[in-house]
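First the structure, in the form of structure tokens, and then the observations on it.
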Amino acid sequence: MAIYIVKRFFMMIATILIIATLTFFLMHSIPGSPFDEERTSNPTIQANLEKFYKLDQPTHVQYIHYLKSIATFDFGPSIKKPNDSVNKLLARGFPISLELGMVTILVAVISGITLGTFAALRHNGIIDYAAMAFAVVGISVPNFVLATVLIQQLAVNWNLLPPATWSSPLHMILPTLALATGPTAIIARLTRSSMLEVLTQDYMKMARAKGLSPMRIVLRHALRNALMPVVTIMGTMLAGILTGTFVIEKIFAIPGMGKYFVESINNRDYPVIMGSTVFYSAFLVFMLFLVDIVYGFLDPRIKLHRKEGDA
Amino acid sequence: MESRKFAPIDENQGGTAVAQEPARLRKRNKTFTDVMLSVRDLHVSFKTFGGEVQALRGVSFDLYKGETLAIVGESGCGKSVTANTIMGLIPKPAGRIKNGNVLFKGKDLTKLDKSEMRKVQGVDISMIFQDPMTALNPTLKIGEQLTEGLRTHQKVSKTEARQKAIKLLEVVGIPNPEERMKQYPHQFSGGMRQRIVIAIALICEPELLIADEPTTALDVTIQAQILELFEEIQERTGVSIILITHDLGVVAKIADRIAVMYAGKVIEIGEKREVFYSPQHPYTKGLLASVPRLDLKEEELQPIEGTPPDLFAPPIGCPFTARCPFAMEVCDRIYPATTGLSATHAVDCWLQDERAKKVFGHN
Amino acid sequence: MVSHQQNVQIPDEWFQQKGKDAEKAESVVRPSLSYWKDAWRRLRKNKMAMGGLVFLIILTLFAIFAPILSPHNIETTQYANQNLPPSSTHWFGTDDKGWDVFTRTWHGARVSLFVGVAAALIDFFIGIIYGGISGYKGGRTDTIMMRIIEILYGLPHLLVVILLMVIMGPSLTTIIVALTITGWVGMARIVRGQVLQIKNYEFVTASKSFGAKTPRIIRKNLLPNTMGPIIVQMTLTVPSAIFAEAFLSFIGLGIQAPVASWGVMANDALPVILSGHWWRLFFPAFFISMTMFAFNVLGDGMQDALDPKLRG
Ligand SMILES: Nc1ncnc2c1ncn2[C@@H]1O[C@H](COP(=O)(O)OP(=O)(O)OP(=O)(O)O)[C@@H](O)[C@H]1O
Ligand code: SF4
Ligand SMILES: [Mg+2]
């Protein structure tokens, strides 16, 4: 297990390094450096840029310096707002985005697993068909479409819920619903198919042959095995939710990091785009690392082995 | 090859696994009197996309207390379905018991509801599966897998259950049982796992053990050890065993009686001696003739030419007609009645009819 | 069990040997259809998947012909026709530039379908080459190539795509390039797995001295079988590419007017949604969802149809 963790850790570092490098060189490949004086047109900004990117130095020095900054969690300045930096935007917006993301993942995991499990246990029954119909629709309707439909119907037409912002639990319902539907559908489908697979396994038959209670059979024997694949997709799922927050925050006017990120894209604030991308990527890769470790603990074949057991 | 196929077994043919057995048979010459399980005219079907599979089409047999009944037959003939039906493990709603009863000590198991059946499963009747690599839950410690049945069915404390499990592991031949309790299935070899599976089956001291191909997935030396374990357990506890297998060598080793199944029916049943040395059904004869012989070595059990009938639309007559060298017109049209050859030996074949005997002479 | 009394009515002639009925013994073997025919038969039974297929065919036809046949001009702004609701002349209404939404929708269909199909095809080619080499070479090459894939797999794809789009500037080409730069990894993994299967089979049959027959077996039986998962993966790449394109449009990296994608159309409609011009959002959103739905159900159906495990 220790070796497994170390291995995953180095993979994480490698991935972050790749992203930082890619970002750095892509930035330098933008025709006519994005840091030209005529673009920035503000002495404070120009000073910030000089300081952060060491623009007077040769490229490799710049690169090393850039990596160092990243390693110390400094993601660079903005070229549009003299007093802002990626770190300031993050401090303002990320807690809100994180909250939205966490609530979403919680809702998606709980409802997705429940739905998928019941669908599998009632295979080819009404619940199964209904759950899977919901799942295909949920996967097919993009979250921004769902978001606008929800605002239009529940907020504007029926006036049931507030249409925008993130100021109270009531305000959180619509954005969460819009963002969680897709992941819920994916988790439900995956849980169902892996549950169906598990239910045909010999050890399930054996558990039934022991005369155990249905509760115990499902919870102790089936679910744990069925959820393994669900854990493995949590990483990609998180990435999807995170990028989803960009549009959801934009549509619901939630002042999260996603909103700033989209703004920076729209007014081509390159350093902010770069810094946010690196930050988000590092965050996601770290989450992926955590997911891998959780998986390692759930699967005794990895937990107990010196060598990596999976293929 | 051709000549070997339907030749009756020659008692002096020293080479076959079968012919070596008489000594053992006499040694174990027990008599069994109490019927413990009585399967009567069992019909089981499965609904599938392609239609309804009639997996069992009238299976009947009795099982005596303390005996080992072997069920043999080609793949797909309904051996596992029989076992699962007795055990109450037919997957619903696809599978359905259309007719018939399973009387266990006078109680009809087919009439029990799910929660009543759970009081029988693992308590009175236990089951052992073919592949020990997949029969154990990979994510649970074997200690838990051993004790959970006991804890469900009997009011015992955790430590009591543990003690019993450890003792049982010793009985089935697992060294260091205390430590082993804390391990996961992947830390055991195949043979060890099958021993654990057997221990799990025994934990509530059942009266009937159903083993569905318990040795098929194991290599030969381990197979022998597991069979010995079965015998040892039977001697200790007096448990009745239904043993499902493809392997006539296994049958020869530990069965008291043999039921031969074909296309969802028991077509011949009798004591081991009777079925091995005077098989009456052409299918049984073919099966015995195809036993791999020591001098031919390692050859897969060569089944009789042709394939069993389609169970989506099973024939009304004898299902073996298409492959039977003795087939008569009557075989196509009417299913043969059961003929009792002795108190213990019975066969479903038209060759037992007087009129057929006139045609073929006595065989 | 039948009782013995029945025998009384049985004519004696029935007790004559007729020998083995070889033909009959053979006929019980179910006819073996070819893999593709079999898969097609299964797919046709799946109503949802067929519905998806029909929808996609109609969509493609419209995307090809509707813009050509449409009488409406979408190049110059027509202020006289601004924001008209759906009517007999403008079936899907018009937008704030007076352009016919129906005509624009089919232009958008061209963009979305093109992006989706192109991304899937390019993924396929890169995946076949990379996965093929990795699986075929095996050994060290395979290990290294798989490590690379493992790391790339951990990259947050959409973020990388955003980055690339920002740098390269939004256009049809850049969107496809960006999507495929990150997208081929999944395909390469699957191809490698399938190649390993083929190799394994080659090994097994070669050791059993099948001799000259092996290539034929691979071509006739194995290749179609291994193509199954690859085709399913391609089918499912299309909707995810369409989604990614729409998503990028939404955060300001879309292909701009007049030949805008569905995502751009929907994004442009957002600010006016509260002023009641619902048709501007409804039609692009509807077609994005329906197209993704159609590809998803078709992909699911193909997965079921092609899965050899389910063959009865
Ligand atoms: N759950 C099921 N659904 C559909 N058909 C089934 C199911 N279980 C068994 N069958 C069918 O019932 C018939 C008997 O199957 P069974 O498993 O009892 O055979 P078997 O004698 O145990 O064969 P084997 O030696 O291969 O284990 C087969 O034709 C099989 O296809
Ligand atoms: S009944 Fe007829 S077909 Fe069936 S086994 Fe006997 S002789 Fe052969
Ligand atoms: Mg079986």
Side-chain angles (χ1 to χ4, degrees), chain A residues 11-12 14-16 18-19 22-23 26-27 29-31 132-133 135-137 139-146 148-149 151-152 156 163 182 189 235-236 238-240 242-244 246-247 250-251 258 261-268 270 273-274 276-278 280-281 283-285 288-289 292, chain C residues 48 52 147-148 150-170 181 186 193 236 239-240 242-244 246-253 262-263 266-267 269-270 273-274 276 278 281-282 284-286 288-297 299-300 303:
Chain A
M11 272 182 58
M12 169 177 83
T15 314
I16 294 175
I18 288 177
I19 292 167
L22 189 74
T23 315
L26 280 176
M27 195 158 42
S29 70
I30 295 175
M132 285 311 107
V136 201
V137 174
I139 289 170
S140 304
V141 179
N143 45 29
F144 48 84
V145 172
L146 190 63
T148 29
V149 171
I151 294 180
Q152 178 78 4
V156 178
R189 268 163 62 116
T236 5
L238 282 166
L242 197 92
T243 42
F246 301 168
V247 279
K250 180 186 163 190
I251 294 173
F261 186 50
V262 175
E263 264 172 31
S264 73
I265 290 173
N266 284 320
N267 54 33
R268 297 294 186 265
Y270 291 104
I273 299 174
M274 303 303 162
S276 314
T277 310
V278 173
Y280 270 133
S281 305
F283 177 73
L284 277 180
V285 174
L288 217 61
F289 171 68
D292 272 348
Chain C
M48 290 282 266
R147 276 285 167 279
I148 293 172
E150 236 175 292
I151 290 172
L152 291 183
Y153 210 74
L155 288 179
H157 293 178
L158 223 37
L159 285 172
V160 177
V161 172
I162 291 173
L163 204 60
L164 291 170
M165 296 283 295
V166 166
I167 307 297
M168 298 190 293
I181 279 182
L236 295 176
S240 67
I242 291 177
F243 169 79
F247 166 81
L248 290 172
S249 307
F250 242 75
I251 60 170
L253 294 168
W262 288 333
N267 189 29
L270 260 195
I273 180 73
L274 297 183
W278 57 269
L281 180 69
F282 175 79
F286 173 79
I288 293 174
S289 307
M290 277 308 289
T291 308
M292 288 187 49
F293 182 79
F295 271 109
N296 279 324
V297 290
D300 283 357
Q303 186 139 43

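Note on naming: letters A, B, ... go to the chains in the order of the sequence lines (proteins, then strands), and numbering restarts at 1 for each one. The figures here come from the full heavy-atom set of this structure, side chains too, leaving out hydrogens, waters and symmetry mates.
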Under a 4.5 Å heavy-atom cut-off, does chain C meet the side chain of [X], its backbone, both or neither?
X: A/Thr236; answer: neither
X: A/Ile18; answer: side chain
X: A/Phe289; answer: neither
X: A/Ile139; answer: both
X: A/Val137; answer: both
X: A/Ile265; answer: side chain

Checklist entry - Should A/Pro142 and C/Ser289 count as side-chain neighbours, where that means a heavy-atom distance under 4.5 Å? => result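 Yes - at least one pair of side-chain heavy atoms lies under 4.5 Å apart.
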
Checklist entry - Is any side-chain heavy atom of A/Val145 closer than 4.5 Å to a side-chain heavy atom of C/Phe250? => result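 No; the side chains remain at least 4.5 Å from each other.
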
Checklist outcome for this item: Note: vs chain A, highest number of non-hydrogen pairs under 4.5 angstrom among C/Thr291, C/Leu164, C/Ile162, C/Ile242 is C/Ile162

Checklist entry - What pair of heavy atoms forms the shortest contact from A/Asn266 to C/Ile251, and how long is it? => result OD1-O, 3.7 Å

Item to check | Shortest non-hydrogen contact between A/Ser140 and C/Phe293, atoms and distance | outcome: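 Shortest heavy-atom contact: OG-CA, 2.9 Å.
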
Next on the checklist: Taking side chain as everything from C-beta outward and backbone as N, CA, C, O, which of these in C/Phe247 sits under 4.5 Å from a heavy atom of chain A? Side chain, backbone, both or neither.
Outcome noted: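 Both backbone and side chain of C/Phe247 come within 4.5 Å of chain A.
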
Next on the checklist: With side chain to side chain contact (heavy atoms under 4.5 Å, CB included) as the criterion, how do C/Leu163 and A/Met274 come out once you've worked through the C-alpha distance, each side chain's angles and the decisive distance to 0.1 Å?
Outcome noted: CA-CA 7 Å; C/Leu163 204 60; A/Met274 303 303 162; 3.6 Å; yes

Next on the checklist: Under the criterion side chain to side chain contact (heavy atoms under 4.5 Å, CB included), I'd like the reasoning laid out for C/Leu158 against A/Tyr280: C-alpha separation, chi angles, the key distance, then a yes or no.
Outcome noted: CA-CA 11 Å; C/Leu158 223 37; A/Tyr280 270 133; over 6 Å; no

May I ask you to name which of [options] has the most heavy-atom pairs under 4.5 Å with chain C?
options: A/Val247, A/Leu284, A/Leu242; answer: A/Val247
options: A/Gly240, A/Ser281, A/Ser276; answer: A/Ser281
options: A/Leu288, A/Leu146, A/Val136; answer: A/Val136

Checklist entry - Taking atom CE of C/Met165 and atom CD1 of A/Ile273, what is their separation to the nearest 0.5 Å? => result 12.0 Å

Checklist entry - Once you round to the nearest 0.5 Å, how far does CG of A/Leu26 lie from CE of C/Met168? => result 8.5 Å

Next on the checklist: Test side chain to side chain contact (heavy atoms under 4.5 Å, CB included) on C/Phe243 and A/Val141; report intermediate values, then the result.
Outcome noted: CA-CA 9 Å; C/Phe243 169 79; A/Val141 179; over 6 Å; no

